[in-house]
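Because the structure is predicted, anything quoted here is derived from the model rather than measured. Order of the sequence lines sets the chain letters (A, B, ...), proteins ahead of strands, with each chain counted from 1.
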Protein chains: 2
Amino acid sequence: MAISFAEENYLKIIFRLSESTKEDISTNAIAELTQNKAASVTDMLRKMSEKGWVNYQKYQGVRLSSLGEKLALDIVRKHRLWEVFLVKKMGFNWDEVHEIAEQLEHIESEELIDKLDAFLDYPRSDPHGDPIPNKDGILPQLGYVSLANMPIGKAGNLVGVAQDSAVFLQLLTKLNLRLGATLEIIEINAFDLSVSLRIDNNPPVLISHEVAKNVLVKR
Amino acid sequence: MAISFAEENYLKIIFRLSESTKEDISTNAIAELTQNKAASVTDMLRKMSEKGWVNYQKYQGVRLSSLGEKLALDIVRKHRLWEVFLVKKMGFNWDEVHEIAEQLEHIESEELIDKLDAFLDYPRSDPHGDPIPNKDGILPQLGYVSLANMPIGKAGNLVGVAQDSAVFLQLLTKLNLRLGATLEIIEINAFDLSVSLRIDNNPPVLISHEVAKNVLVKR
DNA sequence: TAATATTTTTAGGTAAGTCTAAAAATTATT
DNA sequence: AATAATTTTTAGACTTACCTAAAAATATTA
Ligand SMILES: [Mn+2]
Ligand SMILES: [Mn+2]
Ligand SMILES: [Mn+2]
Ligand SMILES: [Mn+2]
């Protein structure tokens with residue numbers, strides 16, 4: 001039996017939640033991202049647990065098993081490679097590709113993905129700066145930090161984003177925050193943690209903490 | 001409500017059956033191609049009829065409505081464009097692409113398909129010689145006939161095939177029957193309708209009527 | 001044209017994946 | 001530690017897309 005779209009989406013979302021915490025992942029967190037109700041998530045977790053993709057204890061949250069993580073990395077690999085294809089070969093903007101990649105990531109053909117990888121010249125990161133796992137599920141170490149954690153006065157380059165919703169990416173574009181831009185934090189306002197930021201030697205502009213958190217920088 | 005994979009497959013299959021006959025399409029014919037049981041087909045025909053995609057009378061077979069035909073042509077367009085992509089850009093052989101295109105044809109993004117069309121330089125036919133509908137569902141007239149209907153002694157070029165199963169395409173490759181090859185019928189054997197065929201000025205070889213029927217030739 | 005064979009539909013079920021409402025477990029607050 | 005709030009699970013339903021078995025309609029043959 002092949003893995004279903006629903007199952008692949010759950011795997012991918014649990015993986016994403018696991019990246020930002022070492023705690024067990026809660027039913028509600030998954031429900032929010034899958035856009036399902038908590039009851040449906042419980043159902044699916046039970047099934048995935050039976051298949052050996054997750055370690056799940058009632059009321060105690062869930063973690064991917066090593067098999068589940070391998071499966072998730074494979075989906076992430078496909079998603080990110082397709083995003084590169086859409087931007088580099090099809091001429092989409094970086095804020096237009098996520099939804100289409102959500103569909104393309106479910107195409108089942110190892111041979112196709114390997115050929116696509118070669119066709120794109122083995123990219124290490126997707127249009128949002130996210131690392132692309134290789135065939136064996138190894139993520140390249142790109143070595144970046146959140147802009148919100150950068151020390152004041154040190155310059156770095158924008159290498160990625162921590163989310164790829166269209167509204168966020170469009171805001172970045174409006175703010176002139178493009179992949180590769182040189183960023184220097186001038187000041188952090190204690191009141192709302194908003195950041196005064198110099199972009200490419202232009203006069204400083206103000207961005208919210210929310211934006212800063214989601215911008216990734218390499219020094 | 002978006003159209004489901006199952007619905008898209010039914011539309012495509014009814015369309016394919018309609019191409020070769022002006023009769024109404026039978027439940028059993030659809031069942032065979034969808035690999036479902038006749039009872040399931042009846043179920044789906046009722047649903048599709050309610051949606052206005054087909055004209056269906058119990059026991060009398062089914063035809064696509066003009067809306068249904070438009071939807072089917074859109075799926076066929078996607079299928080064939082993806083096949084071109086897989087062969088021309090990804091380096092697959094013509095006998096390897098059908099199954100992958102069966103998946104890719106369900107990707108929903110008009111913008112993607114238009115960009116893909118441009119990226120491929122607006123091909124008029126797919127790797128099997130089948131015409132690719134344009135955005136408006138118009139099929140280009142490629143003007144070919146079945147090799148089985150070619151007169152003896154007249155030469156023509158192989159421009160397509162009437163089916164794209166992998167076994168058939170592999171046999172063609174083995175027989176040296178490639179897209180573009182020059183073909184001349186030397187003799188038709190009355191006993192089994194097998195055809196003695198000259199390919200590109202080589203010594204004649206024998207092919208079955210079954211093969212000849214499925215090879216398309218332009219004079 | 002009557003009997004027989006074939007095709008198609010109906011009736012009743014199943015599995016996947018979702019939902020709502022209610023119950024149970026866990027966590028936070030007094 | 002008892003109570004309240006929150007989270008999670010269970011119970012029971014629904015929809016889609018299938019299935020098998022039996023009934024009904026149509027087509028074929030004698
Ligand atoms: Mn994405
Ligand atoms: Mn991305
Ligand atoms: Mn095909
Ligand atoms: Mn084809």
Distance, rounded to the nearest Å, where B:Arg46 contributes CZ and D:dT15 contributes P: 13 Å

Spacing between A:Gln60 atom CD and D:dT8 atom C1', to the nearest angstrom: 10 Å

B:Ser40 vs D:dA17: side-chain N/O to OP1/OP2 distance below 4.0 Å: no

Under 4.0 angstrom between B:Asn28 side-chain N/O and C:dT8 OP1 or OP2: yes

Nucleotide D:dA17, atom P - distance to CE of B:Met44 in whole Å: 4 Å

Residue B:Ala38, side-chain atoms from C-beta onward, closest of D:dC19, C:dT9, C:dG17: C:dT9

C:dT6 phosphate, OP1 or OP2, under 4.0 Å from B:Tyr59 side-chain N/O: no

Sugar-phosphate, base or nothing in reach of B:Ala39, heavy atoms under 4.0 Å: base

5' priority, DNA chain C, between A:Ser4 and B:Gly61 [closest heavy atom]: B:Gly61

Side-chain N,O (A:Lys47) to OP1/OP2 (C:dG17) below 4.0 Å: yes

Check: A:Ile25 and A:Ile13 side chains under 4.5 Å, non-hydrogen atoms: no

Sugar-phosphate only, base, or nothing, as touched by A:Phe5 at under 4.0 Å among non-hydrogen atoms: nothing

Integer-rounded Å distance: D:dT7 P and A:Gln57 CD: 21 Å

Any A:Lys58 side-chain nitrogen or oxygen under 4.0 Å from OP1 or OP2 of D:dT10: yes

Touch class at under 4.0 angstrom, heavy-atom based, for A:Thr27 against every strand present: sugar-phosphate

Under-4.0 Å side-chain N/O to phosphate OP1/OP2 contact, A:Thr42 with D:dT9: yes

Any B:Tyr56 side-chain nitrogen or oxygen under 4.0 Å from OP1 or OP2 of C:dT9: yes

Integer-rounded Å distance: C:dT9 P and B:Leu45 CG: 7 Å

Side-chain heavy-atom pair B:Phe15, B:Ser18 within 4.5 angstrom cut-off: no

Length of the line joining A:Ile25:CD1 and D:dT7:P, which is rounded to integer Å: 16 Å

Geometric class of the A:Phe85/B:Trp82 ring pair [parallel <30°, tilted 30-60°, perpendicular >60°]: tilted

Distance-only polar pair, side chains of A:Asn55 and A:Ser65, donor-acceptor under 3.5 Å: no

Nearest-Å distance for atom pair CG/P, residues A:Asp24 and D:dT7: 17 Å

Separation between NZ of B:Lys218 and CG of B:Leu142, rounded to the nearest 0.5 Å: 6.5 Å

Protein-nucleotide distance (B:Asp43, atom CG; C:dT10, atom P), rounded to Å: 9 Å

